[in-house]
Peer 1: 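One structure coming up, written as structure tokens, with questions to follow.
Remember, it's a predicted structure, so these values are computed and weren't measured experimentally.
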Amino acid sequence: MPDNFAHWATLAQKELRDTPLASLNRDYGGIPVQPVYFGEGSEIPGVEPFTRGIRATMYANRPWTIRQYAGFSTARESNAFYRQALEKGQKGLSVAFDLATHRGYDSDHPRVVGDVGKAGVAIDTVEDMKTLFDGIPLDQMSVSMTMNGAVIPVLAMFIVAAEEQGVPQSKLEGTIQNDILKEFMVRNTYIYPPEPSMRIVGDIIAHTAQHMPKFNSISISGYHMHEAGATAVQELAYTLADGMEYVRAAQARGLDIDAFAGRLSFFFGIGMNFFLEVSKLRAARQLWSEIMTGLGAKDPRSKMLRTHCQTSGVSLTEQDPHNNIVRTTIEALAATLGGTQSLHTNSFDEAIALPTEFSSRIARNTQLILQHESRITDVVDPLGGSYYVEELTRQLVQGAKALIGEAEAQGGMTRAVQSGEPKLAIERAAALRQARVDRGEDVIVGVNRYRVDTEEAIEVRSIDNAKVRAEQIAQLERIRATRDEARTQSMLSALREYAAMDEGNLLEAAIEAARARATLGEVSQAMEDVFGRHSAVTRVISGIYAQGYGEDPEFSAISGRIDAFKAARGRAPSIFIAKMGQDGHDRGAKIIASAFADLGFTVHMGDLFETADEVADHVAELHVDAVGVSSLAAGHKTLVPELIEALRARELGDVTVIVGGVIPEPDYQFLYDAGVAAIFGPGTNVLSAAFSVLSQIEGRLSNQ
């Protein structure tokens, strides 16, 4: 037995306390199996740089936490869903908030008519937060909250809800995402400009370091970069560079790095390139240990990269969706063999709609089967020492270091993000990937190969947006009518003063406002009054999608048709790509805009978060032939009919309207009846979509 096994055994005994090391040996039909294996000179699990895991025994002692991300409709309905999931084996909560909440709007705001309760749970007040966790003891349950833009009011309301449940801040366990830099790169649910947003991040780290020792103050997210199309190297580099920026922001407030770094955590996406994803997590731990050492950390716990992972949403397909169960299983296995600390597994129907209880059970049981039946928890880092995995790990480390160096040369990630280069680099990678899929070079079973002749209908969850919004508005009216208005306004004024004077802790001021029953929108607006609301500049890359096709005959055929259109009409066919509502996921819209432009369309890309009337005004001004609406957050049944009515009101009813994104098949006829000409779901070949749109435009013009 190698010498480093003895070193490992010493560490393992400390983790296991009274559990004999021999109990880790499992019965393999007479085959002796050790809990960890070493090669000559190999690293030791639980020891810097933690490539093989942050704990000596990893899952051999305690498996990863099953933490399913969920939330929809009202707090009452989400609470019932959470309690059922906990009874069925889920170990931690991960809260999904609706887009109105993410963007700092109360449910009665006119800009969020189609967003309330659709892609997450609506939270307007402390009372909503109390209902969300009713019957769930917050001194015993770890709660993760994916929130960035409206992180101040959401965390404040969580703290106050816990207080009123009898749980002090010091006992709260969980994580708040609080990762604003990646919002400016990919997810786009920001509110304030980068500089004040970074102040908010630092204030939360400072407050939690002092008052919430069990709570993770930030979850630095590569997941949304992964979903936006980032390569593994990009996801690693930009995520860890963001982490460096957050550490420096906390240090700038006078915090000792070892006082807070142990409560930082990460969040990575896990896709279908199995061994690459395993190696990505190993590389991330190694890189973070080196980075934190360079930033002055002394405590080994400050150098441990602890991560939550989620299987990929982008890899899910609308076509033949039961294949997604297999995809999620493969991705979950990669995450666990890579050494994640907690995991969310996507449900098979999430390319179509919010998951049902049936599909959620399958997703949850996927993890339970891996934990209890697969035996992968018996051995620490079982793929460690594989020539392939070790080489992938090495190259990922090397590639990520180079990209981090580029960001550092710009002055850090805040400045790099402001330059827009990381966002454009990810968009270029996404466009190239889409071209490979459309050409069939990257095979997607059931989509571009091995398609079924007929699709089996599946049950989907449908949210009555109007009903949810009405309930939320009624609750808001009750709160505003019964609170001490003078006290509420006083607390909001204090928050504005903190923001304006650049002193005091914004989270602490927001907690006082939440206690006085200020609403989420009011707390957000108080800071917006000082900081302003950020508006991104929309840019569309060109030439990348075409680069993936070269002299492909199908690409040339559609380009030729567009050239003929130009010759006949003296102009190119034109399209306006619209993102309405508060959904900031723009990967699909950007890919369509880039690909259509490369094919020869005149493409106009609207700003994020526009209303139906704003889009209709653009269409009237630009005189486009078609409007393409990208919808990923279930607002299509509200927003698309509103747009069509707005177009008709401007006597633009003959403009072709198409819709793409996550649209349940049962909603198709509703949209066709409303006036939509074509619908393109996930997995649609972009060239096929271009053929269809051009044919729609030509048919309409020939009838005029």
Side-chain angles (χ1 to χ4, degrees), residues 4-5 7-28 31-38 42-47 49-68 89-92 94 142 144 173 175 216 265-268 270 274-275 277-286 288 300-301 304-311 328-345 363-386 389 393:
N4 51 6
F5 186 91
H7 186 181
W8 175 87
T10 301
L11 291 171
Q13 284 296 336
K14 291 179 181 178
E15 287 187 3
L16 293 167
R17 296 185 179 90
D18 299 327
T19 305
L21 182 62
S23 71
L24 288 178
N25 293 322
R26 310 293 193 229
D27 178 20
Y28 280 71
I31 299 173
V33 173
Q34 297 296 330
V36 68
Y37 287 85
F38 299 102
S42 64
E43 297 175 25
I44 298 175
V47 175
F50 307 108
T51 309
R52 302 199 66 191
I54 63 168
R55 291 169 44 234
T57 55
M58 288 299 289
Y59 309 144
N61 179 21
R62 185 180 66 207
W64 66 92
T65 300
I66 300 172
R67 189 188 299 279
Q68 291 296 93
Q90 188 172 313
K91 299 301 182 183
S94 184
S142 174
S144 172
E173 293 188 39
T175 304
N216 296 323
S265 66
F266 287 80
F267 176 25
F268 287 102
I270 304 296
F274 181 81
F275 290 103
E277 298 296 346
V278 171
S279 303
K280 183 175 72 181
L281 298 185
R282 302 176 87 250
R285 288 192 292 271
Q286 181 178 324
W288 188 243
R301 291 171 296 182
M304 294 178 181
L305 183 144
R306 301 177 319 283
T307 189
H308 172 71
C309 289
Q310 180 172 339
T311 59
T328 293
T329 303
I330 291 169
E331 292 168 350
L333 184 59
T336 51
L337 292 181
T340 190
Q341 277 60 68
S342 61
L343 179 63
H344 165 95
T345 36
R364 184 172 57 251
N365 285 352
T366 298
Q367 295 196 53
L368 290 170
I369 290 167
L370 286 176
Q371 285 190 357
H372 296 287
E373 298 185 37
S374 72
R375 308 303 292 265
I376 63 171
T377 62
D378 291 357
V379 178
V380 179
D381 189 31
L383 293 182
S386 156
V389 168
T393 302

Peer 1: Tell me whether the rings of His308 and Phe267 are parallel (<30°), tilted (30 to 60°) or perpendicular (>60°).
Peer 2: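 Taking Phe267 first and then His308, their aromatic rings sit tilted (interplane angle of 30° to 60°).
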
Peer 1: Does Glu277 form a side chain to side chain contact (heavy atoms under 4.5 Å, CB included) with Cys309? I'd like the steps, not just the answer.
Peer 2: CA-CA 11 Å; Glu277 298 296 346; Cys309 289; over 6 Å; no

Peer 1: Quick check against the 3.5 Å criterion: does Arg67 have a side-chain atom that pairs as donor or acceptor with the backbone of Ser142?
Peer 2: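 Confirmed, Arg67 side chain pairs with Ser142 backbone.
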
Peer 1: Which heavy atom of Leu281 sits nearest to which heavy atom of Gly339, and what is that distance?
Peer 2: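 Closest approach of Leu281 to Gly339: CD1-N, 4.4 Å.
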
Peer 1: Considering non-hydrogen atoms only, spot the tightest contact between Tyr37 and Pro32 and give its length.
Peer 2: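 That would be OH-O, 4.0 Å.
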
Peer 1: Of the non-hydrogen atoms in Phe275 and Ser279, which two are nearest, and what is the gap between them?
Peer 2: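 Scanning both residues, the minimum pair turns out to be O-OG, 2.8 Å.
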
Peer 1: Taking Pro63's backbone N and O only, do any of them form a donor-acceptor pair with Gln371's side chain (distance below 3.5 Å, no angle check)?
Peer 2: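 No: the side chain of Gln371 does not pair with the backbone of Pro63.
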
Peer 1: Just jot down the side chain to side chain donor-acceptor pair (under 3.5 Å) partners of Glu331, sequence neighbours excluded, or say none.
Peer 2: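 Partners of Glu331 by the side chain to side chain donor-acceptor pair (under 3.5 Å) criterion, ordered by chain and then number, come out as Ser315.
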
Peer 1: When rounded to the nearest 0.5 angstrom, what distance separates CD in Gln310 from CD1 in Ile270?
Peer 2: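 Rounded to the nearest 0.5 Å, the CD-CD1 separation comes to 10.0 Å.
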
Peer 1: Would you find a donor on one side and an acceptor on the other, under 3.5 Å apart, between the side chain of Thr366 and the backbone of Thr329?
Peer 2: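 Judged by distance alone, no pair lies under 3.5 Å.
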
Peer 1: Rounded to the nearest 0.5 Å, what separation is found between the CG atom of Asn365 and the CD1 atom of Ile66?
Peer 2: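 CD1 of Ile66 is found 8.5 Å from CG of Asn365.
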
Peer 1: Is there a side-chain contact between Thr340 and Phe268, using heavy atoms and a 4.5 Å cut-off?
Peer 2: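 No. Closest side-chain heavy atoms not under 4.5 Å.
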
Peer 1: Over 60° means perpendicular and under 30° means parallel, so tell me whether Phe5 and Trp8 are parallel, tilted or perpendicular.
Peer 2: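 Phe5 and Trp8: tilted rings.
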
Peer 1: Among residues at least two apart in sequence or on other chains, which ones pass side chain to side chain donor-acceptor pair (under 3.5 Å) with Thr307?
Peer 2: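 For Thr307, no residue satisfies side chain to side chain donor-acceptor pair (under 3.5 Å) once neighbours in sequence are set aside.
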
Peer 1: List the atom of Gln341, the atom of Arg306, and the distance in Å for their closest heavy-atom pair.
Peer 2: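 Looks like OE1-CA, 3.3 Å.
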
Peer 1: Decide yes or no on side chain to side chain contact (heavy atoms under 4.5 Å, CB included) for Leu305 and Phe50, but give the supporting numbers first.
Peer 2: CA-CA 8 Å; Leu305 183 144; Phe50 307 108; over 6 Å; no

Peer 1: How long is the gap from CG on Leu370 to CG on Leu343, to the nearest 0.5 Å?
Peer 2: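 Going from the CG atom of Leu370 to the CG atom of Leu343 covers 8.5 Å.
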
Peer 1: Kindly indicate, with the supporting measurements, whether the criterion side chain to side chain contact (heavy atoms under 4.5 Å, CB included) is fulfilled by Thr393 and Val389.
Peer 2: CA-CA 6 Å; Thr393 302; Val389 168; 4.1 Å; yes

Peer 1: Between Arg364 and Gln367, is any pair of side-chain heavy atoms under 4.5 Å apart?
Peer 2: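 No, side chains not in contact.
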
Peer 1: Set out, in order, the CA-CA distance, both residues' side-chain angles and the distance that settles side chain to side chain contact (heavy atoms under 4.5 Å, CB included) for Arg285 and Ile54, then state yes or no.
Peer 2: CA-CA 8 Å; Arg285 288 192 292 271; Ile54 63 168; 3.8 Å; yes

Peer 1: Using 0.5 Å steps for rounding, measure from the OH atom of Tyr59 to the CG atom of Leu337.
Peer 2: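 Tyr59 atom OH to Leu337 atom CG measures 8.0 Å (nearest 0.5 Å).
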
Peer 1: What's the spacing between His372 NE2 and Thr377 OG1 if we round to 0.5 Å?
Peer 2: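 Going from NE2 on His372 over to OG1 on Thr377, the span is 8.5 Å.
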
Peer 1: Closest approach of Thr57 and Ala12, non-hydrogen atoms and distance?
Peer 2: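 Here Thr57 and Ala12 meet closest at CG2-CB, 3.5 Å.
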
Peer 1: With rounding to the nearest 0.5 angstrom, report the CD1 to CG distance, Ile44 to Leu11.
Peer 2: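 CG of Leu11 is found 7.0 Å from CD1 of Ile44.
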
Peer 1: Main chain of Ala332, side chain of Thr336: is a donor-acceptor contact present, judged purely on distance under 3.5 Å?
Peer 2: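 Yes.
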
Peer 1: Looking only at heavy atoms, what is the nearest atom pair of Glu15 and Ala56, with distance?
Peer 2: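 Glu15 and Ala56 have their closest heavy atoms at OE2-N, 2.6 Å.
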
Peer 1: Mind checking side chain to side chain donor-acceptor pair (under 3.5 Å) for Glu43 and listing every partner two or more places apart, or none if nothing turns up?
Peer 2: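 Applying side chain to side chain donor-acceptor pair (under 3.5 Å) to Glu43 gives Thr51.
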
